[in-house]
2 protein chains.
Amino acid sequence: MADGTLHETVARLLHAQQQRLTPTRTVIVDVLGASDRPLTIPEILATRDGLAQSSVYRNLVVLEQAGAVHRLVTGDFARYELAEDLTGHHHHLVCSNCGRIDDLPATPAVEKSVQAAVDQAAAAVGFSTQHHRLDLVGLCADCAN
Amino acid sequence: MADGTLHETVARLLHAQQQRLTPTRTVIVDVLGASDRPLTIPEILATRDGLAQSSVYRNLVVLEQAGAVHRLVTGDFARYELAEDLTGHHHHLVCSNCGRIDDLPATPAVEKSVQAAVDQAAAAVGFSTQHHRLDLVGLCADCAN
DNA sequence: CTTTCTGCAAACGATTTGCAGCAGC
DNA sequence: GCTGCTGCAAATCGTTTGCAGAAAG
């Protein structure tokens with residue numbers, strides 16, 4: 001997705017919540033958009049000087065409520081990524097040794113069978129599925145040696 | 001799994017780490033084993049009187065390191081369940097409205113396609129998969145109305 | 001007896017919030 | 001001007017840890 005389009009899309013999501021696309025929010029969206037994996041708050045802060053920690057926290061809440069950003073907690077602290085509407089559906093590779101998390105683009109074959117078989121089982125117990133999360137836990141290339 | 005067998009299995013896991021199956025640990029294992037969904041610390045504390053919060057936290061760490069208990073963080077705080085070795089592989093139904101999490105037994109069909117297709121994609125980027133986590137996010141029976 | 005477990009209370013650290021100043025409309 | 005955003009510092013809250021007594025071997 002081109003940057004211009006990304007900014008426009010986020011701006012639209014924010015406006016729907018009576019929120020603006022401020023400079024700080026633009027920076028956060030750019031940082032997340034430039035990464036191929038979910039980032040922690042310290043990682044976001046480290047990319048640019050002049051970002052206040054509390055502002056990043058606060059804006060991530062706003063961006064998450066607007067549906068532009070997704071929060072995920074796997075280890076000891078939270079990580080953030082652009083919402084799948086903006087980046088496309090994907091899964092995560094979680095390294096059980098070093099905690100690193102990478103993105104793995106979804107494969108159509110898996111998606112289809114997951115949706116079909118699991119949604120059916122879920123519906124049987126009265127659960128209406130909105131979306132799913134699939135994480136693979138194992139050793140990343142570095143930790144596997 | 002019969003209770004006797006469960007206790008024996010957990011005791012064996014603990015002994016492998018030079019740890020004992022103490023009364024508090026037995027209680028925790030029983031509480032988790034009696035539940036069909038992962039429990040929070042407050043929920044565990046509420047089931048029995050006389051449990052000290054710090055002891056529960058400390059013993060859950062020990063039980064997790066021994067491989068008897070699994071910790072998962074989805075919302076604002078952690079939840080615990082018996083390890084899949086003891087309960088069998090399953091997925092989670094996460095209610096996006098009330099935060100409730102229920103277990104969903106794994107279906108052989110999905111497992112097979114997930115393992116095959118996703119593991120292959122992961123291996124292509126140098127990742128060696130140990131296991132996977134599949135959560136369905138949506139509305140539980142109560143919240144769907 | 002020595003080592004481990006327990007419970008209390010204090011410490012910790014990631015995240016949240018109150019407040020005063022600044023920017024946008 | 002009024003309303004919302006920012007940054008600082010203080011508060012919050014789930015979780016961890018130090019310590020002294022109790023329990024297990």
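Keep in mind that this is a model prediction, so the values were computed, not measured. Below, chains carry the letters A, B, ... as their sequence lines are ordered, and counting in each starts from 1.
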A.B. asks: As a quick check of understanding, evaluate salt bridge (charged side-chain N to carboxylate O under 4.0 Å, His left out) for A/D103 and A/R37, giving each step before the final call.
C.D. replies: CA-CA 5 Å; A/D103 287 353; A/R37 61 193 179 80; over 6 Å; no
A.B. asks: Can you get from B/V56 to B/L72 by hopping between Ile, Leu, Val, Met, Phe, Trp and Tyr side chains that sit under 4.5 Å apart?
C.D. replies: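 Looking at the clustering, B/L72 is in a separate group from B/V56.
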A.B. asks: Just checking B/Q120: does its CD atom have more than 12 heavy atoms from other residues, nucleotides or ligands closer to it than 6.0 angstrom?
C.D. replies: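 Counting other residues, nucleotides and ligands, CD of B/Q120 stays at 12 neighbours or fewer.
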A.B. asks: Return the residues of residues 60-81 of chain A meeting this criterion: a heavy atom under 4.0 Å from some atom of DNA chain C. Order them by number, or give none.
C.D. replies: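 A/F77, A/A78 - these, ordered by number, are the residues of the stretch whose heavy atoms sit under 4.0 Å from the strand.
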A.B. asks: Tell me the ring-ring contact (aromatic ring centres under 6.0 Å, His included) pairs involving residues 70-89 of chain B, sequence neighbours left out?
C.D. replies: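 Applying ring-ring contact (aromatic ring centres under 6.0 Å, His included) to every pair that reaches into residues 70-89 of chain B, excluding sequence neighbours, yields B/H89-B/H91, B/H89-B/H132.
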A.B. asks: Below the 4.0 Å mark, does C/dC5 have OP1 or OP2 next to a side-chain nitrogen or oxygen of B/Q19?
C.D. replies: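 The answer is yes; a side-chain N or O of B/Q19 sits under 4.0 Å from OP1 or OP2.
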A.B. asks: From CG of A/L14 over to P of C/dC25, roughly how many Å is that when rounded to an integer?
C.D. replies: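 Whole-Å distance recorded here is 14 Å.
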A.B. asks: Which whole-number value in Å describes the distance from B/N59 CG to D/dT15 P?
C.D. replies: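 Whole-Å distance recorded here is 15 Å.
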A.B. asks: Counting just side-chain N and O atoms, does A/Y57 come under 4.0 Å of either OP1 or OP2 of C/dT16?
C.D. replies: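 The answer is no; no side-chain N or O of A/Y57 sits under 4.0 Å from OP1 or OP2.
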A.B. asks: Give a yes/no answer on whether the side chain of A/T24 brings an N or O atom under 4.0 Å of OP1 or OP2 in D/dT6.
C.D. replies: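 Result: yes.
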A.B. asks: Please report, rounded to the nearest Å, how far the P atom of D/dA23 is from the CG atom of B/L21.
C.D. replies: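 B/L21 atom CG is separated from D/dA23 atom P by 18 Å.
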A.B. asks: Would one find a side-chain N or O of A/R20 under 4.0 angstrom from OP1 or OP2 of D/dG4?
C.D. replies: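 Checking A/R20 against D/dG4: no side-chain N or O falls below 4.0 Å of OP1 or OP2.
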A.B. asks: Could you tell me whether the side chains of A/T87 and A/E81 share a donor-acceptor contact shorter than 3.5 Å?
C.D. replies: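 Side-chain D/A pair, A/T87 to A/E81: absent.
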A.B. asks: With a 4.0 Å heavy-atom cut-off, tell me which residues in residues 45-55 of chain A come close to DNA chain C, sorted by residue number.
C.D. replies: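 Going residue by residue through residues 45-55 of chain A, the ones with a heavy atom under 4.0 Å of DNA chain C turn out to be A/Q53, A/S54.
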A.B. asks: Do the charged groups of A/D135 and A/R133 touch, with an N to O distance under 4.0 Å?
C.D. replies: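 A salt bridge is absent here (no side-chain N lies under 4.0 Å from a carboxylate O).
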A.B. asks: Which atoms form the tightest heavy-atom contact between B/A78 and B/V73, and what is the distance?
C.D. replies: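 Shortest heavy-atom separation between B/A78 and B/V73 comes out as CB-CG2, 4.3 Å.
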A.B. asks: Exactly one of A/T40, A/T47, A/I41 should register a side chain to side chain contact (heavy atoms under 4.5 Å, CB included) with A/E43. Which one does?
C.D. replies: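 In the set A/T40, A/T47, A/I41, the residue that makes a side chain to side chain contact (heavy atoms under 4.5 Å, CB included) with A/E43 is A/T40.
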A.B. asks: What I want to check is whether an N or O donor and acceptor connect the side chain of B/R58 with the base of C/dG7 at under 3.5 Å.
C.D. replies: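 Result: at least one qualifying N/O pair found.
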